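A quick write-up on the structure given underneath.
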Amino acid sequence: MSKRIYAAIGLILITVLFTVGLGIIKNKDVKESVAYDGKAYSETRECFGTVLTITLYAKEDEAKSIAKKAFSECTRLENIFSAKLDGSELSRLNATAADGPVNVSSELMEVFCAALYYNELSDGALDISVGGLVKLWGIGTQDEKVPSAEEILPFVNADGCKYIVIDEKNGTITYTSDKISVDLGAVAKGYAAGKIKELILENMENAAGIINFGGNIVTVGSKENGEAWNIGITNPLRPSEICGKVSGTDMCVVTSGNYERYFVKDGVRYHHILDPFTGYPADSGIISATIVGNDSMQCDALSTACYILGVEKALALINSIDGVEAVFIDDSGKSHASDGMSKYNLNIGM
Ligand code: ADP
Ligand code: MG
């Protein structure tokens with residue numbers, strides 16, 4: 001093999017390891033960092049309870065100033081969508097929407113509408129009304145525990161989204177049950193990553209870079225010479241390694257995995273993607289669901305939904321939607337790709 005090919009492979013591996021390696025950082029290991037290698041500027045900060053890395057192919061000063069704007073944008077969005085921040089718009093809505101219609105910002109309205117749409121499309125798997133269940137399990141917090149069957153019972157098959165009433169014309173949201181608490185953890189990071197991409201495009205000529213928001217990866221433009229980006233897929237059985245890659249320009253790659261946030265009790269792993277039909281962490285056979293497409297929030301919503309649905313239903317769902325592809329890894333390590341996945345040059349092997 002020629003030196004050039006070796007160099008190209010090296011570059012691919014670096015990109016893959018770089019993007020994926022950062023995607024699997026656990027919250028407690030977060031290291032804020034800034035680096036510039038003469039071509040790419042990369043800045044990592046904690047935001048929204050996870051890690052945001054912005055990589056921009058630009059001169060250092062220009063990239064730094066755009067990254068600064070991007071991190072402020074992230075904080076602004078956290079103040080809308082976080083269910084954990086007491087003063088966020090969502091927390092205020094959760095506290096008052098059972099008393100009557102609450103006026104909400106257009107951005108919160110947009111995310112609620114999308115989440116309810118994907119709730120229907122996924123036959124209830126994606127369910128933002130799991131806020132109470134998320135708090136009960138407390139996964140990733142100091143209060144994480146295995147709740148008792150009695151505690152879980154009220155959340156089983158609760159179909160809470162039917163108590164969320166949206167009035168788009170008047171810009172209000174009402175909860176028709178005082179038991180409802182919304183958690184946007186499955187979609188808000190995808191929405192935010194899309195917004196950050198818009199900000200980069202507005203502020204940068206010939207924009208090129210990668211946003212990695214806690215495993216929600218959004219690429220901007222293409223690399224030098226119009227080359228595609230290579231994004232690695234984490235091996236869910238050995239999360240410090242990658243087991244595959246996809247490539248493309250201007251794409252989003254979003255993975256929901258059982259290795260991202262979990263605790264182990266008596267040898268059982270309890271992870272953070274909850275099955276609204278059982279009230280327990282989803283146990284569909286899928287342990288990693290990666291969605292590739294162009295709309296970051298859509299990919300985020302679908303990755304969570306597919307994880308819960310299991311291989312067969314998830315493949316049928318993805319194959320029925322234009323513009324998205326997926327690859328799922330099951331608990332035996334086998335991968336399952338959607339019909340059009342080859343257009344992203346999927347290369348996977350466990
Ligand atoms: P990650 O946060 O690792 O990217 P996901 O996008 O799959 O993972 O979202 C998981 C988060 O969404 C959980 O931490 C929780 O806040 C929330 N959640 C858990 N189960 C569901 C569900 N069935 N529907 C909607 N949101 C969920
Ligand atoms: Mg998601």
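Just so you know, ligand 1 is whichever comes first in the structure, and atom 1 is the first atom listed for that ligand. Excluded from the calculations below are hydrogen atoms, water molecules and symmetry mates; all remaining heavy atoms, backbone and side chain alike, are included. This is a predicted model, so every value here is computed, not measured.
With respect to atom 13 (C) of ligand 1, the closest heavy atom belonging to the protein is H272 O, 3.4 Å. Summary of contacts: the protein heavy atom closest to atom 16 (O) of ligand 1 is D183 OD1, 2.9 Å. Distance from atom 9 (O) of ligand 1 to its nearest protein heavy atom, with residue and atom name: A186 CA, 3.3 Å. The nearest heavy-atom contact from the protein to atom 5 (P) of ligand 1 is T304 OG1, 3.3 Å. Protein heavy atom nearest atom 6 (O) of ligand 1, with residue, atom name and distance: D300 OD1, 3.0 Å. The closest protein non-hydrogen atom to atom 23 (N) of ligand 1 is L274 O, 2.8 Å. Nearest non-hydrogen protein atom to atom 27 (C) of ligand 1 is V130 CG2, 3.7 Å. The shortest contact between atom 24 (N) of ligand 1 and any protein heavy atom is with D127 N, 2.9 Å.
Within the listing of ligand 1, atoms 24 (N), 25 (C) sit less than 4.0 angstrom from a heavy atom of L126. Below 4.0 Å from some heavy atom of I308 lie the following atoms of ligand 1, by number and element: 23 (N). Those atoms of ligand 1 with a heavy atom of S256 less than 4.0 angstrom away are 5 (P), 6 (O), 7 (O).
Judged purely by atom type and a 3.5 angstrom limit, D275 has no side-chain atom pairing as donor or acceptor with the backbone of G279. Checking side-chain atoms of S72 against main-chain N and O of K68 turns up a donor-acceptor pair under 3.5 Å. Between the Y344 side chain and the L346 main chain, no donor and acceptor come within less than 3.5 Å of each other.
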Given the rule in the side-chain hydrogen bond (donor to acceptor under 3.5 Å, both in side chains) test, do Y262 and E260 qualify, once you have shown the distances and angles that lead to the verdict? CA-CA 7 Å; Y262 65 89; E260 285 179 30; over 6 Å; no
Please determine whether side-chain contact (heavy atoms from CB on, under 4.5 Å) holds for the pair L52 and T44, giving the CA-CA distance in whole Å, both sets of side-chain angles, and the decisive distance to 0.1 Å. CA-CA 6 Å; L52 170 61; T44 298; over 6 Å; no
side-chain hydrogen bond (donor to acceptor under 3.5 Å, both in side chains) between Y175 and N94, worked out: CA-CA 8 Å; Y175 299 167; N94 277 337; 2.8 Å; yes
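Taking distance alone, with nitrogen or oxygen atoms compared against 3.5 Å, T255 stays at or beyond that limit from ligand 1. Remark: ligand 1 and A125 share an N or O pair separated by less than 3.5 Å (distance only, no angle test).
S284 places none of its side-chain heavy atoms less than 4.5 Å from the side chain of L309. The shortest side-chain heavy-atom distance between V324 and V292 does not fall under the 4.5 Å cut-off. Looking at heavy atoms from C-beta onward, T255 lies out of side-chain contact with S303 at the 4.5 angstrom threshold.
For the pair E89 and R92, the salt-bridge criterion is not met [side-chain N within less than 4.0 Å of a carboxylate O]. Between K313 and D123 there is no salt bridge, since no side-chain nitrogen of the basic residue lies less than 4.0 Å from a carboxylate oxygen of the acidic one.
Counting only protein atoms, the N, O or S atoms lying less than 2.8 Å from the Mg ion (ligand 2) are A186 O, D300 O, D300 OD1, T304 OG1, ordered by chain and residue number.
Using a 4.0 Å cut-off between heavy atoms, E260 contacts ligand 1 through its side chain alone, with no backbone atom that close. With a 4.0 Å cut-off on non-hydrogen atoms, D275 does not touch ligand 1 at all. Using a 4.0 Å cut-off between heavy atoms, A282 makes no contact with ligand 1 at all. Contacts of K189 with ligand 1, taken as heavy-atom pairs under 4.0 Å, involve the side chain alone. The proximity of P276 to ligand 1, defined as any non-hydrogen pair under 4.0 Å, is limited to the side chain.
Checked against ring pair (Phe, Tyr, Trp, His ring centres under 6.0 Å), Y280 has the following partners two or more places apart in sequence or in another chain: W137.
If you take OH on Y57 and OG on S222, they are separated by 11.0 Å, rounding to the nearest 0.5 Å.
Checked against the 6.0 Å centroid threshold, H271 and Y307 count as a close aromatic pair.
Residues Y41 and E62 bring no donor and acceptor atom of their side chains to less than 3.5 Å of each other.
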